[in-house]
Amino acid sequence: METQEIKKQGRRRGMVAFAWITVLVIVPLGFMLSDRFTLVLKSLGVQLHPNLDDGKKLVEGMIIASPPVKEALYDGNKADLRNMRSFAVKEVVFRRFSGVGIADRLNLSFEFNGKLSDPQQSSQHFSNIAIHVFFGGGITEKEPAAASSPIIPPVAFQEGPWQYQVIIDGFHDLPRIYDKNGQLIALGLGLYLKWENRDGKGDGKVVSTRLTAALPRSMFRSLLKKPMRFYIIAGAPDLRSPCLLRLDESGRLADYATYGTDEKDTVAIDGAGRPILHPLILQPR
Amino acid sequence: MKKMFTPLVSQRKGWASSIFLTLLFLIFSLFMGLGQGGLPSLRDGILYGIVLAFSAAILFLIFRTGRIHYWRRIFFSTYAVAFAINFVWWTMGDRGHMWLLDKEMLYAKAPMCHMVVPMLLLPLLFTKKIIFPTAFPQASFMILLVIVVGIVYGRSFCSWGCFFGGQDELFAGLPRKKRWAIGKLPPFIRYFSYGLLAFIVMHSLATLSPTYCMWFCPFKTSSEFIEVNSFIRVIQTFIFVILWAGLAVVLPLLTKKRTQCGLFCPMGAFFSCTARINLFRIAIDREKCGNCGLCEAACPTFSLNEESLAKGKTLNNCTRCGACIEACPKAAIHFVFPGGIKSGPPAPAEGEKSGWRGFLQELADPATIFVMGIFLVANVIASESLIGAMSRLLRYFFKI
């Protein structure tokens with residue numbers, strides 16, 4: 001009986017010591033080392049999943065080369081110029097999101113992979129890339145009705161069918177979506193920064209950026225059933241221009257704009273001095 | 001009839017140990033608070049000091065009076081109100097509205113609470129993805145919090161650290177009398193939260209989205225709504241408001257029970273699953289128990305019934321709030337370690353000099369260690385809300 005009592009007392013003392021150590025050392029340390037835990041999770045390959053990362057691909061496009069920028073014509077600062085020169089639209093993808101509470105609204109996105117400057121990191125939170133995307137189908141007119149709208153850059157569409165225009169510029173968190181008549185019909189979502197770990201150490205550095213104009217699926221449901229034509233223009237932004245792309249003194253697109261033109265390096269000019277754009281094609285999967 | 005209070009001699013600590021434990025709490029709280037980044041300004045430092053003094057006073061009173069439930073409820077309810085004030089003020093001030101916009105979700109800027117964690121775990125395991133649109137450090141902190149607290153304290157978090165549970169508790173504590181006495185619960189109701197937990201975990205895995213947050217969280221109403229921009233969102237918002245009004249306000253007011261926490265909260269069910277490995281439990285001394293049923297009536301979370309009392313323990317969903325301990329007229333209910341290990345001889349009676357031996361015995365009491373530990377956790381979590389609410393109120397009303 002006495003031995004049992006001693007054993008019981010020893011067990012009790014051990015438990016008391018363990019409990020005090022747990023509540024005063026282990027649990028507080030757990031809280032204080034939460035940063036380390038974050039690194040451990042990242043080193044295990046855990047990532048945030050806002051679904052933009054790998055939503056279901058519906059259609060995808062091609063690599064679009066970036067024509068050289070004429071450095072002498074650009075009077076902006078050198079850093080901006082470097083950003084412009086390194087920018088290239090590598091991929092255009094329509095994705096369907098699921099989950100994260102946004103499934104009913106933000107179901108499609110354009111993605112532009114490339115070394116975009118990060119507005120969040122730059123002064124004034126302003127990026128020096130402006131992007132216009134024209135897409136849609138089913139229109140029989142040769143030229144969209146709103147071609148003369150000041151928000152559309154002075155370009156000539158080789159084929160007419162586009163219904164929607166997305167403009168992403170400067171403050172990337174608010175892309176605007178216009179219909180073919182130049183009416184603002186929706187606001188999309190903006191810049192998505194791709195954060196990656198380096199060597200698994202997870203310092204959270206931005207290694208590439210991606211622009212996303214997430215759009216209501218209801219607008220585009222029918223478009224995804226057949227090959228879709230789209231046009232893309234990227235260039236330096238200019239707040240003096242209604243379309244927010246840099247124009248020269250004669251109102252033409254300045255040379256430091258780049259066009260998605262069916263992989264052709266050279267761009268033909270029409271009689272009015274506008275670049276003639278050929279559509280890019282997206283094939284549904 | 002005059003309300004009768006239990007003497008609570010069994011839980012009451014002497015002056016020496018109460019002061020010692022409070023000082024210990026202050027030291028560790030400062031250590032933990034400063035360890036999380038330090039104090040940004042003199043003003044915040046003063047506010048932090050006030051909050052710490054408030055918490056220390058509550059802890060001292062818990063130890064000195066032995067009334068764990070009474071003082072805990074004051075702290076817990078204050079914390080819940082402070083959280084709501086601070087959070088809603090933050091949303092209104094920073095965003096101008098209580099909506100959680102699509103943009104914030106896309107940018108992974110949604111604030112995350114611990115309730116999300118059960119839904120994250122399986123997708124994390126299978127896809128290595130955190131399926132909630134929040135900042136990575138915030139998500140990992142919440143996961144760590146739930147793991148550590150879940151293992152050590154289990155559902156105790158629901159009565160000490162959960163900023164939503166305090167709302168339930170506040171409304172349950174407002175009326176003097178219960179207007180609706182809930183009798184024996186049918187199994188369907190008792191196990192409903194486990195079923196809901198299983199459903200939301202599986203559904204979250206299947207859809208890779210936090211189902212509970214999107215459809216069932218009553219506390220969206222007192223924090224932030226998902227942006228209402230479609231008919232589905234209207235339905236979701238309607239559900240949030242109805243659930244909050246029904247489960248967290250009306251039913252607690254009518255029954256004086258924490259209906260949302262006790263019967264419907266999946267996070268509570270998740271924590272209940274760890275009850276078998278928790279470091280602290282509540283046990284009923286069958287020899288002392290007079291089967292009066294006062295503890296069962298006092299339990300706000302339906303954690304006691306005839307079967308559990310006969311076995312001398314609480315049900316797995318016990319939140320260690322201490323209500324049953326206070327209600328027991330025979331001091332038959334105690335905190336114990338696993339295996340029913342108690343602290344040894346009871347603490348000295350009132351007026352009796354205890355000396356070193358008594359002092360050490362009081363420190364070895366599982367109730368002492370439990371309260372100290374869980375209160376440290378609760379204080380760390382609550383501090384931000386308490387400071388934030390106080391700061392905003394002072395600035396608004398007194399311009400300081």
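Bear in mind that the values here come from a model prediction, so they are computed numbers and not experimental data. Chain letters run A, B, ... following the sequence lines, proteins first and then strands; every chain starts at 1.
Atom CD of B:Gln138 sits about 11.0 Å away from atom OG of A:Ser34, to the nearest 0.5 Å. In this structure, CG on A:Leu39 lies 8.5 Å from OG on B:Ser140, to the nearest 0.5 angstrom.
Under the 4.5 Å side-chain criterion, counting only non-hydrogen atoms from C-beta, B:Pro338 is in contact with A:Met15. Put simply, the side chain of B:Leu144 does not reach to within 4.5 Å of the side chain of A:Phe31, judged on heavy atoms. In this structure, B:Phe370 and A:Val23 have side chains that are not in contact, with every pair of non-hydrogen atoms separated by 4.5 Å or more.
Interface check for chain B: of the options A:Leu24, A:Asp35, A:Thr22, the most heavy-atom pairs under 4.5 Å are formed by A:Leu24. Counting heavy-atom pairs closer than 4.5 Å to chain A, the top-ranked of the candidates B:Ile369, B:Ile143, B:Val152 is B:Ile369.
With a 4.5 Å cut-off on non-hydrogen atoms, B:Ile151 does not touch chain A at all. Looking at B:Phe28, only its side chain comes within 4.5 Å of chain A, counting heavy atoms on both sides.
Using modelled atom types, no side-chain atom of B:Lys129 and backbone atom of A:Val46 make a donor-acceptor pair closer than 3.5 Å. Put simply, the side chain of A:Trp20 never gets that close to the backbone of B:Ala364: no donor and acceptor are under 3.5 Å apart.
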Please walk me through it: do A:Thr38 and B:Phe141 pass side chain to side chain contact (heavy atoms under 4.5 Å, CB included)?
-> CA-CA 7 Å; A:Thr38 304; B:Phe141 176 78; over 6 Å; no

